[in-house]
Amino acid sequence: MAYKYFPHTQDDIDAMLSKIGVTSLDELYAELPSSVRLTRDYDLPEAMSEIELRKFFNALGKKNKQLICFAGAGVYDHYTPAAIPQLVERSEFLTSYTPYQAEISQGTLHYIFEYQSMMTELTGMEVSNASMYDGTTATAEAMLMANAASKKAHTVLVSDTLDKKTLAVVKTYAHFHGVEIEMVGAENGATNKEELHDRLAAGGVAGVIMQQPNRFGIIEDFTGVAEDCHANKALFILNSIPADLALLKTPGEWGADIAVGDGQSLGLPMNFGGPYVGYMCCTEKLMRKMPGRIVGKTVDETGQRVFVLTLQAREQHIRRQKATSNICSNESLMALWVTIYMSLMGRQGLKEAAQLSYDGAHYLCAKLCLGGHFHLLYQKPFFNEFTLHYDGDVDALLHKLENHGILGGVKLDDHVIMMAVTERRTKEEVDHLIALCNE
């Protein structure tokens with residue numbers, strides 16, 4: 001073969017050329033002007049042996065700094081049980097192929113069904129799809145669901161306390177789908193519910209997007225929000241960190257119509273930014289507006305339990321313009337990861353991990369504020385992440401902490417820093433950070 005990794009033999013190529021009436025590849029591309037054709041060799045490095053490749057990538061990996069992480073802002077350093085990487089690499093799971101043929105895809109369909117079941121229980125919702133790309137696109141898809149569910153209204157309200165990265169994706173989706181995005185202001189770090197109420201009463205709103213905990217780490221009180229939305233024919237969309245729902249009031253309990261977010265906090269390693277998995281749950285009433293697919297349980301002709309795809313309104317199956325979404329894949333392997341995580345942790349384990357994160361964050365915050373250089377930016381309840389005003393230079397502080405092997409937080413402004421604590425942080429690590437910050 002001319003190219004080692006191409007599957008076509010010379011006979012294959014000759015047969016295809018003959019079929020279309022040309023004698024060579026040069027003749028096939030003859031219409032292309034020479035000015036746009038590459039005439040030199042590709043600028044690629046020389047091939048390496050397996051040993052050379054391993055040495056190369058090991059040396060590359062050693063350039064990364066392994067820091068103790070106190071940063072969050074949507075990605076958290078949670079513990080991953082050692083069993084998970086071993087289980088997800090089993091051959092019946094480790095495939096990217098969509099399980100269209102139920103007869104040979106029972107393993108994949110089974111774990112997706114379990115994932116859906118666990119996510120509905122965690123969020124308090126009635127229906128879950130078979131996962132999304134990530135939390136940002138899941139939120140944007142929820143915005144499109146609200147728009148599709150409304151016949152007349154095409155405006156979606158977004159709280160100013162929504163994560164800015166998520167907001168950027170929502171705005172991008174909205175721009176190309178003709179949805180108007182209006183922001184609802186914040187007061188003392190939380191959504192201004194009076195402003196929200198007045199805007200809903202004015203009419204023309206298809207949905208409202210809010211976040212729990214919000215982008216400052218604050219636990220918001222959504223009392224009356226769902227009722228206000230529904231009284232004005234709008235859907236309530238709540239983006240939540242799923243690990244926190246082990247202790248916090250669920251979207252279902254708040255009366256949300258759609259629950260979305262990123263599943264990274266359920267045991268997925270930070271891994272330099274991905275891959276992660278988006279979750280989306282909703283009420284049964286909205287199930288047919290939901291993008292992606294849903295796995296259901298039934299019985300075969302012998303009465304045995306089997307799993308099948310029961311709902312899949314995506315562009316592969318229906319006309320593109322009628323599809324609920326044009327995203328054609330989900331993060332199934334990552335959905336398996338969080339399913340095994342939740343199975344291993346169980347109800348009590350999830351609660352304990354959340355409690356440790358909460359306790360560690362409040363300990364760190366209290367000690368930092370006692371030192372005199374920090375104070376809470378907003379006097380509001382928080383979970384495992386909090387925002388501080390610092391009387392010094394945040395950049396200099398983060399650089400100092402990095403020199404001591406610590407990723408100290410996320411800079412929000414010149415004198416504002418956000419820190420997060422998970423169950424992985426020991427008291428010794430927290431005390432070390434406190435000592436460095438209060439020097």
Engineer: Distance-only, no hydrogens or angles: does the N384 side chain make a donor-acceptor pair with backbone N or O of V421 under 3.5 Å?
Structural biologist: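 Checking the backbone N and O of V421 against the side chain of N384, a donor-acceptor pair under 3.5 Å is found.
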Engineer: What pairs of residues pass the side-chain hydrogen bond (donor to acceptor under 3.5 Å, both in side chains) test when at least one of them lies in residues 178-190, not counting sequence neighbours?
Structural biologist: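 For residues 178-190: E182-R199.
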Engineer: Keeping the roles fixed (side chain from R425, backbone from C69), state whether a donor-acceptor pair exists under 3.5 Å.
Structural biologist: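 Here the side-chain-to-backbone pair exists.
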Engineer: Verify, without hydrogens or angle tests, whether T422 (side chain) and D77 (backbone) share a donor-acceptor contact under 3.5 angstrom.
Structural biologist: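 Indeed, once roles are kept as given, a pair shorter than 3.5 Å links the two residues.
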Engineer: Please answer whether the main-chain N or O of N214 pairs with a side-chain N or O of E220 as donor and acceptor at a distance below 3.5 Å.
Structural biologist: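 Checked: no pair found.
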Engineer: Given 3.5 Å as the limit, does a donor-acceptor pair link the side chain of T310 with the main chain of I294, or not?
Structural biologist: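 Yes, because the side chain of T310 sits within donor-acceptor range (under 3.5 Å) of the backbone of I294.
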Engineer: Please check: side-chain N/O of S265 versus main-chain N/O of A243, any donor-acceptor pairing under 3.5 Å?
Structural biologist: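 It does hold such a pair.
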Engineer: Where the side chain of N232 meets the backbone of A234, is there a donor-acceptor pair that is under 3.5 Å apart?
Structural biologist: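 Here the side-chain-to-backbone pair does not exist.
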Engineer: Is a donor on one side and an acceptor on the other found under 3.5 Å between the side chain of Q264 and the backbone of V75?
Structural biologist: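 Judged by distance alone, no pair lies under 3.5 Å.
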Engineer: Identify the residue among L235, L196, L200 that makes a side-chain contact (heavy atoms from CB on, under 4.5 Å) with V205.
Structural biologist: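 In the set L235, L196, L200, the residue that makes a side-chain contact (heavy atoms from CB on, under 4.5 Å) with V205 is L200.
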Engineer: Check for a donor-acceptor pair, side chain of K165 on one end and backbone N or O of A73 on the other, with a separation under 3.5 Å.
Structural biologist: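 Yes.
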Engineer: Between the side chain of Y276 and the main-chain N/O of M270, is any donor-acceptor distance below 3.5 Å?
Structural biologist: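 Indeed, once roles are kept as given, a pair shorter than 3.5 Å links the two residues.
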